[in-house]
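Structure first, then comments.
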Amino acid sequence: MADTTLLLTFNMGSSTLKIGLFQCDVHGACRIGKGLVDFGRRPLTFHLSEGPASFDIQLYAEGGEDLRDVVAEVFEALAAHFDMSAVHFAGHRVVHGGDRFAGPVILDETTIGELDKLVALAPLHQPQALRVIRAVKHLRPALKQTASFDTAFHATQSDLVRRFALPRALHDRGIKRYGFHGLSYKFIIGELRSRAPEIAAGKVIVAHLGNGASLCALDNGESRDCSMGFSTLDGVPMATRCGTLDPGALLYLLGTSGRTLRNLEEMLYYRSGLLGISGISGDTRDLLKDTRGEAREAIDLFTLRIAGEIGRMTATLGGLDGLIFTAGIGEHQPEIRAAVCDRLRWLGVDRDLDKNIANGPIISTFSSKIRTFVIPTDEEQIIGDEALSLLTSK
């Protein structure tokens, strides 16, 4: 493979598009640039980093249903700094692979059609990823594209863990726990193997805490449980998503308040979570600075539920050797980590005050029974590695 071969990665979240640019050779994919488009802010801006240098480039696209204009402007911005004629591959993060995809795939009309069928399982993320895939296909039809799946990492979970207490026929139709944030967990366990292989070989829980949040229980590096189940609404409260909710509450709302299904979906995804609890913000940075009781209550419920999930997952694993915090909140907010760790003293978690304030990399004391880490995640690296491995093997 020529040294000039470049690979693009696209990580489409619920409100942001992260882009990675990698140089590929026989040794793998090495990042040389990265970018971010935040769809929550107007006008749209493409923040591009190239080594230590960074640039903010205003976009004129609106970023509506069709993302071709956004992707076209991103390509133009990248072309001012990189040789875009050397880009031969593009890898995408796709949230839901269902039972159909247990690993990365090359995207063609057949596989894209299969992804379309899974939109109902991930209505917040799947349509956005497909819009980016189709935009790239329209603009660069010769570009080979791949998909990497958040659900694939959790295929190692037992049928018992994945099953709901519903009629068996529904399980057979795909109503089961899938788990998400798998690309992040795959990266984290790889990092842990290089930093603390003895812990990585044991029982570990990773807390991916960001705008979307979940936890994963790993045994010898394999997923055994995840707080998110059938959808990305499940598990701990998030910025605007509700987390685990008694289904009786949904039946009540549908039956007595005159809410439509669409209205209920919008509330659960966009007006619940930390924003719903506080009535102030879904951003923990805002809530930590706010002195109002509602802000404090939102933070307290967030950390209570995280600690509760860690306790539950410890039962799944039958013990715990390591705890890892990652993603935006997990990596950068000592107050959140401290509140979670303090609720887990009974489990043997003992945090070091100064190390936690310094954001790690190890935040537990020497006497702590549970080694506790802060490890930055990198989903784009996994997308790049999987795309390169898949395409070069073909």
Side-chain angles (χ1 to χ4, degrees), residues 27-28 103 150 152-158 160-161 179-210 213-228 236 306-327 329-334 336-382 385-386 389:
H27 303 293
D150 266 335
F153 183 75
H154 303 293
T156 53
Q157 292 180 11
S158 70
L160 181 65
V161 167
F180 298 93
H181 288 133
L183 301 180
S184 175
Y185 295 129
K186 184 174 182 178
F187 180 85
I188 291 298
I189 194 61
E191 283 291 291
L192 188 62
R193 285 189 179 114
S194 65
R195 300 184 186 197
E198 73 287 358
I199 301 295
K203 303 177 188 300
V204 175
I205 293 174
V206 183
H208 176 108
L209 307 179
S214 72
L215 294 93
C216 181
L218 302 120
D219 193 356
N220 194 24
E222 292 189 341
S223 175
R224 295 289 178 254
D225 202 347
C226 185
S227 61
M228 280 182 174
V236 300
I306 293 167
E309 274 297 306
I310 292 169
R312 185 187 69 79
M313 287 184 173
T314 300
T316 299
L317 292 172
L320 188 62
D321 302 304
L323 174 62
I324 302 171
F325 292 92
T326 192
I329 296 171
E331 294 169 25
H332 303 296
Q333 295 185 15
I336 300 295
R337 294 193 302 265
V340 173
C341 289
D342 289 350
R343 291 184 181 277
L344 295 170
R345 289 196 186 102
W346 63 271
L347 191 58
V349 175
D350 186 17
R351 67 181 171 95
D352 183 292
L353 179 63
D354 294 332
K355 291 177 180 177
N356 182 50
I357 291 173
N359 292 325
I362 297 175
I363 62 170
S364 51
T365 64
F366 290 111
S367 59
S368 178
K369 294 180 180 178
I370 310 298
R371 291 279 295 280
T372 309
F373 303 80
V374 177
I375 300 178
T377 193
D378 191 343
E379 294 169 320
E380 289 75 40
Q381 184 66 56
I382 296 298
D385 289 342
E386 289 191 346
S389 175

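Numbers here are sequence positions counted from 1.
Annotation: the span from Ile205 atom CD1 to Asp225 atom CG amounts to 8.5 Å, rounded to 0.5 Å. In this structure, CD on Gln157 lies 9.0 Å from CZ on Arg224, to the nearest 0.5 angstrom. Within the model, atoms CD1 of Ile370 and CG of Leu347 stand 5.0 Å from one another, a figure rounded to the nearest 0.5 Å. Atom CG of Leu183 sits about 6.0 Å away from atom CD of Glu379, to the nearest 0.5 Å.
For the pair Val349 and Cys341, the minimum side-chain heavy-atom distance is below 4.5 Å. Ile199 places a side-chain heavy atom less than 4.5 Å from the side chain of Leu192. Side-chain contact check for Ile324 versus Val204: some heavy-atom pair is nearer than 4.5 Å. Side-chain contact between Leu215 and Met313 is present, with at least one heavy-atom pair separated by less than 4.5 Å. The shortest distance between side-chain heavy atoms of Asp342 and Arg351 falls below 4.5 Å. Looking at Phe325 and Val340, their side chains come closer than 4.5 Å, going by heavy atoms from C-beta outward. Using a 4.5 Å cut-off on side-chain heavy atoms (C-beta onward), Thr314 and Thr316 make no contact. In this structure, Thr377 and Glu331 have side chains that are in contact, with non-hydrogen atoms separated by less than 4.5 Å.
Each of Ile375, Ile382, Asp378 was checked for a side chain to side chain contact (heavy atoms under 4.5 Å, CB included) with Ile188, and the lone residue meeting it is Ile375. The only member of Ile363, Thr372, Val206 that meets side chain to side chain contact (heavy atoms under 4.5 Å, CB included) when paired with Leu323 is Thr372.
Not one N or O on the side chain of Lys203 forms a donor-acceptor pair closer than 3.5 Å with the backbone of Asp219. The main-chain N or O of Arg371 is never found under 3.5 Å from a side-chain atom of Ser364 such that the two would form a donor-acceptor pair. Side-chain N or O atoms of Ser158 include one that pairs as donor or acceptor with a backbone N or O of Val161 at under 3.5 Å. Using a distance-only test at 3.5 Å, with no hydrogens or angles considered, a donor-acceptor pair links the side chain of His154 to the main chain of Phe180. Arg337 contributes a side-chain N or O that, together with a main-chain N or O of Asn356, makes up a donor-acceptor pair within less than 3.5 Å. Judged by distance alone, with hydrogens and angles left aside, the side-chain atoms of Ser227 form no donor-acceptor pair with the main-chain N or O of Ser214 at under 3.5 Å. Between the side chain of Asp150 and the backbone N or O of Gly182, at least one donor-acceptor pair lies under 3.5 Å.
Between Pro334 and His332, the closest heavy-atom pair is CD-O, 3.3 Å. The minimum heavy-atom distance between Gly330 and Val374, with the atom names listed, is O-CG1, 3.9 Å. Closest heavy-atom contact between Ser223 and Leu218: N-CD2, 4.1 Å.
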>> One pair to check against side chain to side chain contact (heavy atoms under 4.5 Å, CB included): Cys226 and Phe153. What are the steps and the verdict?
In response: CA-CA 11 Å; Cys226 185; Phe153 183 75; over 6 Å; no

>> Asp352 vs Thr365, test: side-chain hydrogen bond (donor to acceptor under 3.5 Å, both in side chains). Steps then yes/no.
In response: CA-CA 5 Å; Asp352 183 292; Thr365 64; over 6 Å; no

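A salt bridge does not link Asp321 with Lys369: every distance from a Lys NZ or Arg NE/NH1/NH2 to an Asp or Glu carboxylate oxygen is 4.0 Å or more. Of the charged side-chain nitrogens involved, none lies within less than 4.0 Å of a carboxylate oxygen, so that Glu198 and Arg193 do not count as a salt-bridged pair. A salt bridge links Glu386 and Lys186; the closest N-O separation between the charged side-chain nitrogens and carboxylate oxygens is under 4.0 Å.
Cation-pi contact between Lys355 and Phe373: absent, since separation from the ring centre below 6.0 Å together with deviation from the ring axis within 45° is not met.
A donor-acceptor pair shorter than 3.5 Å can be found between the side chains of His208 and Ser184. Side-chain polar atoms of Tyr185 and Thr326 form no donor-acceptor pair below 3.5 angstrom.
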